[in-house]
Protein chains: 2
Amino acid sequence: MSTVGKAISLLELFSVDEPELGLSDLARRSGFDKATTRRLLVALAGHGFVEQDIGTRHYRLGAGLSRLARIREARFPFLQTAVPLVRDLAASTAETVHLSEFGVDSLVTVHVEHPAWANRVNIDIGQLLPLHSTASGIAYLAFARDETVKACLTGSLDAFTAHTLIEPAAISRSMSEARERGYSIYDQGYEEGVISVAAAIRGADGFALGTIAVAAPKARTTAAAIAERGLAVREAAREISMRLNGENLQILRRQA
Amino acid sequence: MSTVGKAISLLELFSVDEPELGLSDLARRSGFDKATTRRLLVALAGHGFVEQDIGTRHYRLGAGLSRLARIREARFPFLQTAVPLVRDLAASTAETVHLSEFGVDSLVTVHVEHPAWANRVNIDIGQLLPLHSTASGIAYLAFARDETVKACLTGSLDAFTAHTLIEPAAISRSMSEARERGYSIYDQGYEEGVISVAAAIRGADGFALGTIAVAAPKARTTAAAIAERGLAVREAAREISMRLNGENLQILRRQA
DNA sequence: GGTGGTCGGTTCATTATTTGAACTGTTATT
DNA sequence: AATAACAGTTCAAATAATGAACCGACCACC
């Protein structure tokens, strides 16, 4: 692995649940030597990618990341555009709504709205969603580039529950359905007792950029609710796509 | 420079004005060899820190950065907390309001609200603000750790205009004033014709984390307006600090 | 329709950086 | 007072990064 890859995988050890980690802990979890880990952390800290708590000496993600993320967001206002619609959808469905963006080979959860219920589906920001076993994943694949689909379907796929689709043919069928319907449905593919609907947010080229999804405990979810939510999520995704592409056109026009 | 540092300095070549860059361009600007640049980009792309436009083959900042920034933001909801108050302040002052967070050795602009005026102070997200020559910088230094202040005052300081303070004694005096008043005033220290007021956003330990500032064309700014804005910005900073530290207490309580 | 310039991307012998076992010193626990 | 876990450092050995030269593709210009 390249040194750069090692440094980044250190960053990826941080999560919403464990936002601060000590040196030894980082070394242990990454598998790198303590000296190596420290050298990488110092390099990262030098550019503000991590910062160290003065008191505990623990490390956490730094402001440099916020800076770059905001620059990205300025060019490509995915969050800004989508979050209000995620909120609306969360309000109208009273279930967990989450927004994801495609990165490397899975979907990255970038925003979540949770309902007030005690019994609800909990999703953390930063969580990675596999493509073959989630409603979001299927919705994404339905409008993804051929090479992305192929990369996903070749190689063995993990079965997280008894309901997870691991046959390429079954996944393809599910994708086709999602494409026709405009939204995907996945029944307990990633976790028992959770049913989700999702729709793809698409770029100007028609390919999927990310997804918006509603996840709910299966126990209180009727078939009618699924159909209703499907339409709502499809509508939200369409609206986000439209606003995004409108913005993009403006940007291109300004550059020209 | 470490390989990691090189990779990060590639990322830092992207800005709001130039969010997409080609390989040769990146190599030229970074001073690295084209092959090196490419290797670094591939490593970064492997973790979603950059992505490549399929059409133009240009590179841009990737979704992996958004992911990590959101994880950071979940632990430390600086933006979420501050942005509404930045908006309020922008509405009431009708001037440019910007929010910064400290990173490495300068302040990083993480949010900006611009007024509708054609003649206004323009600030980009991601822009770095020097500590000694901006209202934000002085406000930050007024409540910064001694070592940060010392690091800033030792070494030669750039004079951006004829008004920039470059004497450590003068800067210290300005800091003291800001500390007593609760906000800083800087008259054309970074750019001619711009006058700003700023106040420090402080953590639970009392030290500054970042700043909120109002910047306006000097031509339409009266002394009375400055005083009024000063109080408003101080109040906004106090409110943000309170909300942040309240949140932090909750987080600590949850962990205990 | 050739020609020179630039682009993105690749190769591989040379070179410089990264690595990690062993070390110090500090702090919390028993 | 002993133990253990922690953060951080050192330096010879091992490994990964480097960059000049290369390819093919594309574009503009004479």
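As a basis for the values below, the full set of heavy atoms in this structure was taken, side chains included, without hydrogen atoms, waters or symmetry mates. Predicted, not measured: the structure shown is a model, and the values here were computed from it.
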Please report, rounded to the nearest Å, how far the C1' atom of dA7(D) is from the CD1 atom of I54(A). 15 Å

Rounded to whole angstrom units, what separation is found between the CG atom of L23(B) and the C1' atom of dA25(D)? 15 Å

Within this structure, what is the CG-to-P distance between D53(A) and dA7(D), rounded to whole angstrom? 12 Å

Among Q52(B), H58(B), R60(B), find the one that has a side chain to side chain donor-acceptor pair (under 3.5 Å) with E20(B). R60(B)

Compare the minimum distances between each of dG8(D), dT18(C), dT18(D) and the side chain of Y59(A), then state the nucleotide with the smallest one. dG8(D)

May I ask you to verify if any side-chain N or O of K6(B) is less than 4.0 angstrom from the OP1 or OP2 atom of dT18(D)? yes

Quick one: which of dG20(C), dG19(D), dG8(D) gets closest to the side chain of D33(A)? dG20(C)

Ignoring the backbone of T36(A), work out which of dT18(C), dG20(C), dG9(C) is nearest its side chain. dG20(C)

How many whole angstroms separate atom CG of L41(A) from atom P of dT19(C)? 12 Å

A35(A) side-chain proximity, nearest of dT18(D), dT10(D), dT19(C): dT10(D)

Specify the residue among K34(B) and Q52(A) whose closest nucleotide of DNA chain D lies further upstream toward the 5′ end. Q52(A)

Check the distance between dC6(D)'s C1' and D25(A)'s CG and give it to me in whole angstrom. 11 Å

How close or far is atom P of dA16(C) from atom CZ of R39(B), stated in whole angstroms? 15 Å

Tell me whether R202(B) forms a cation-pi arrangement with F143(B), defined as NZ or CZ under 6.0 Å from the six-membered ring centre and within 45 degrees of its axis. yes

Against the side chain of R57(B), the closest entry in dT11(C), dA17(D), dG8(C) is dG8(C)

Could you give the CG-to-C1' distance, from L26(B) to dC7(C), as a whole number of Å? 13 Å

Does T3(B) have a side-chain nitrogen or oxygen under 4.0 Å from the phosphate oxygens OP1 or OP2 of dT18(C)? yes

Does a side-chain N or O of R28(A) approach OP1 or OP2 of dC6(D) to a distance below 4.0 Å, or not? yes

Nearest to the S24(A) side chain among dA7(D), dG8(C), dA21(C), which nucleotide is it? dA7(D)

Minimum-distance nucleotide (side-chain atoms of R38(B) versus dT19(C), dG9(C), dG8(D)): dG9(C)

Closest heavy-atom pair, A82(A) versus I240(A), reported as atoms and distance to 0.1 Å, is CB-CD1, 3.7 Å

Charged N-O contact under 4.0 Å between R75(B) and E18(A): no

Between F32(B) (CZ) and dG19(D) (P), how many Å, whole number? 9 Å

Between V42(A) and L40(B), whichever has its closest DNA chain D nucleotide further toward 5' is V42(A)

Heavy-atom pair of closest approach, residues F32(B) and S9(B): CZ-OG, 3.7 Å

